[in-house]
Amino acid sequence: MTSYPLVMALQYLLSQTGMDQETIDSCRKNLEDGYKRLVGYECKSGGFDWFGTDPGHEALTAYGLMQFTEMKKVIEVDSGMIERTKNWLMSRRDGKGGFERNSLALDNFGGAPQEHTDAYITWALTEAGMETQFEVEHLLKHATAKKDAYISALACICLYRHNRVEEARKWGRKLAELQKEKGSIEDEQTSITRSYGSSLIVEATALTVLGWLSDKEQTFLEPLNNALKFLNGSCKGGNFGSTQATLLALKAIVEYDKLYAVLPANGTFHVTINGKHSSKLEIEKGKNTLSFEDLGAHLKTGNNTIVLRMEKGFKMPYSVAIDFNCVKGDSSDQCKVKLHAKLNDTKLKEGTTSEVQVVVQNQSAESLPMTIAVIGIPGGLEVRVDKLKELVKGGVIDYYETLGRRVALYWRYFAEKEKKTVLLDVVAAVPGTYTGPASSAYLYYTNEHVCWVEGLRAEVV
């Protein structure tokens, strides 16, 4: 369900003036295609699962409900499906303020602590307009006991949605006390996706922003602006960390933009690169789009210094985006899986077959949730899809996708120190000498920590 960030991106594009219509149309088309695929994962007995198999997955269904609720603001969504999803989730209440959980759900969502799962589902149902006062009371007990910023932020949001403003402000003030100098909120233990590191910090900060934005009297304006500055600065390579971190950050930015997008005063914005190149933009009160384009030509190899300066005007958050390409990414020392990929025969005759040996190992002493290995296949070789289907049927992998010259392999779960070995059949189809894209492995919802390996090489004669 990685189309969720695209939902927020389209909402943002539609809220701005002067945006390229071709970009908007392309975004909408991609989202509509993604939606058609997502509805195929609805389970026969109700709810959703990663691959559409019964039984439904409560936390993942809550995530889907949040996505479909936002999605219907920009494209046509089956209202009957949304009602079925809401009703199924409500049927999973345990009568104690929490929710039952699919015992087979060992992935990121399913493996989160019970209190985080309950809090997330309660938030999803609250945003969908369901009556959740009893569940909110249960959430508040956990928020008080756990002292976890992630749960506290969800409690703050739900209280605002139920018009319990003074209680919500109490939690908003507690969150403000946790804010670091750089604007982040950093007193959380885990999240619904069991994320960690920078992704977890972004998730908690974004949720806190959504809570503060719910205050109609702008009680938290100063910490809010600091948090937005942190979120904007957390964007790297077009995302904010994991999928969950990215969508929550985008959601926070979009909601902030709805309230504060119009520039409140005239001024001049300056940018200087390495003390030499200088550009400026005149700010006109009432406009909502401000950006410098194509500054890359003024960057040099090594360290660069970019100075932003406002003349007159007002305080505002900012971000700098830099796009670049490399043959192989740098592996993160925080990645919890190790990848090995090897083509058994590097020189093949046209029409013959070989195997790509893929080994993924859990390096940690704990179980791991949903994990992916993306294997780059050299040009001139074709992967046998029938063999991939056999791997799924035999339980060697849980799911696969073919992505051009890459094959993505999915596993719901890794036991501690577990090693999984997969053999991919390939056929030599086109003569030539080829190097495939670099291969990678990572936890599905912590994709900022990746293990990279060199692209496979092959010669077809």
Side-chain angles (χ1 to χ4, degrees), residues 2 197-199 236-239 241-243 296 301-302 322-364 368-385 387-388 391 396-411 414 417-461:
T2 54
S198 57
S199 285
K236 297 178 178 65
N239 61 61
S242 66
T243 301
T301 301
I322 300 175
D323 295 327
F324 64 93
N325 296 298
C326 60
V327 174
K328 180 179 78 71
D330 293 329
S331 294
S332 168
D333 57 7
Q334 296 185 54
C335 184
K336 295 184 178 182
V337 292
K338 186 77 172 179
L339 172 66
H340 173 78
K342 177 185 177 182
L343 178 61
N344 288 342
D345 301 288
T346 56
K347 187 171 184 178
L348 305 92
K349 290 185 178 181
E350 184 180 1
T352 62
T353 63
S354 186
E355 292 178 322
V356 175
Q357 183 183 74
V358 178
V359 180
V360 182
Q361 182 168 14
N362 177 4
Q363 298 191 95
S364 71
L368 297 180
M370 182 80 77
T371 301
I372 299 179
V374 182
I375 309 303
I377 305 299
L381 303 185
E382 296 178 353
V383 176
R384 287 183 54 196
V385 176
K387 181 60 182 292
L388 290 171
L391 292 173
V396 179
I397 59 176
D398 290 310
Y399 192 69
Y400 73 86
E401 289 182 293
T402 54
L403 310 167
R405 292 171 61 198
R406 296 177 175 88
V407 178
L409 309 175
Y410 292 75
W411 295 273
F414 266 75
K417 297 295 183 181
E418 182 179 8
K419 178 189 292 186
K420 296 182 186 287
T421 301
V422 181
L423 297 177
L424 303 178
D425 282 6
V426 292
V427 180
V430 181
T433 302
Y434 306 94
T435 299
S439 298
S440 60
Y442 52 91
L443 305 190
Y444 186 77
Y445 272 100
T446 318
N447 61 357
E448 72 270 32
H449 298 304
V450 180
C451 175
W452 289 95
V453 297
E454 296 283 352
L456 301 173
R457 292 177 172 83
E459 182 183 1
V460 180
V461 294

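Note that the structure is a prediction, hence the values are computed from the model and not measured.
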List the atom of [X], the atom of [Y], and the distance in Å for their closest heavy-atom pair.
{"X": "P437", "Y": "R405", "answer": "CD-NH2, 3.7 Å"}
{"X": "N344", "Y": "Q357", "answer": "OD1-CB, 4.3 Å"}
{"X": "S439", "Y": "A341", "answer": "OG-CB, 4.5 Å"}
{"X": "S199", "Y": "S242", "answer": "OG-N, 3.0 Å"}
{"X": "A438", "Y": "V327", "answer": "CB-O, 3.5 Å"}

Side-chain ([X]) to main-chain ([Y]) donor-acceptor, under 3.5 angstrom:
{"X": "S354", "Y": "D345", "result": "yes"}
{"X": "T352", "Y": "K349", "result": "yes"}
{"X": "S440", "Y": "V450", "result": "no"}
{"X": "K342", "Y": "V358", "result": "no"}
{"X": "S331", "Y": "W452", "result": "yes"}

Task: Residue pair L409, V407: steps toward the side-chain contact (heavy atoms from CB on, under 4.5 Å) verdict - done: CA-CA 6 Å; L409 309 175; V407 178; 3.8 Å; yes
- [ ] Check each of D425, V422, T402 against L388 using the side chain to side chain contact (heavy atoms under 4.5 Å, CB included) test, and report the only one that passes.
- [x]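 Result for side chain to side chain contact (heavy atoms under 4.5 Å, CB included) with L388: T402.
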With rounding to the nearest 0.5 angstrom, report the [atom1] to [atom2] distance, [X] to [Y].
{"X": "W411", "Y": "Y444", "atom1": "CH2", "atom2": "OH", "value": "15.0 Å"}
{"X": "S332", "Y": "Y442", "atom1": "OG", "atom2": "OH", "value": "14.0 Å"}
{"X": "T446", "Y": "M370", "atom1": "OG1", "atom2": "CE", "value": "12.0 Å"}
{"X": "Q334", "Y": "E448", "atom1": "CD", "atom2": "CD", "value": "8.0 Å"}
{"X": "Q361", "Y": "T371", "atom1": "CD", "atom2": "OG1", "value": "12.5 Å"}
{"X": "R457", "Y": "L343", "atom1": "CZ", "atom2": "CG", "value": "12.0 Å"}

TODO: Would you check if there is a donor-acceptor pair between the side chains of E401 and Y410 at a distance under 3.5 Å?
DONE: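 There is such a pair between these side chains.
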Report, as yes or no, whether the 6.0 Å neighbourhood of atom [atom1] on [X] holds more than 12 heavy atoms from other residues, nucleotides or ligands.
{"X": "E459", "atom1": "CD", "value": "yes"}
{"X": "K328", "atom1": "NZ", "value": "yes"}
{"X": "K387", "atom1": "NZ", "value": "yes"}
{"X": "K420", "atom1": "NZ", "value": "yes"}

Open item on the list: Please determine whether side-chain contact (heavy atoms from CB on, under 4.5 Å) holds for the pair N362 and K417, giving the CA-CA distance in whole Å, both sets of side-chain angles, and the decisive distance to 0.1 Å.
Closed with: CA-CA 5 Å; N362 177 4; K417 297 295 183 181; 5.7 Å; no
TODO: Could you walk me through whether L424 and L391 pass the side-chain contact (heavy atoms from CB on, under 4.5 Å) test, one step at a time?
DONE: CA-CA 9 Å; L424 303 178; L391 292 173; 4.0 Å; yes
Open item on the list: L443 vs V337, test: side-chain contact (heavy atoms from CB on, under 4.5 Å). Steps then yes/no.
Closed with: CA-CA 8 Å; L443 305 190; V337 292; 4.3 Å; yes
Task: Close side-chain approach of L339 and I375, heavy atoms under 4.5 Å - done: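 Yes, close enough: below the 4.5 Å cut-off.
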Open item on the list: Would you say that L381 contacts V460 through its side chain, given a criterion of any heavy-atom pair below 4.5 Å between the two side chains?
Closed with: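 Of all side-chain heavy-atom pairs linking V460 with L381, at least one is under 4.5 Å.
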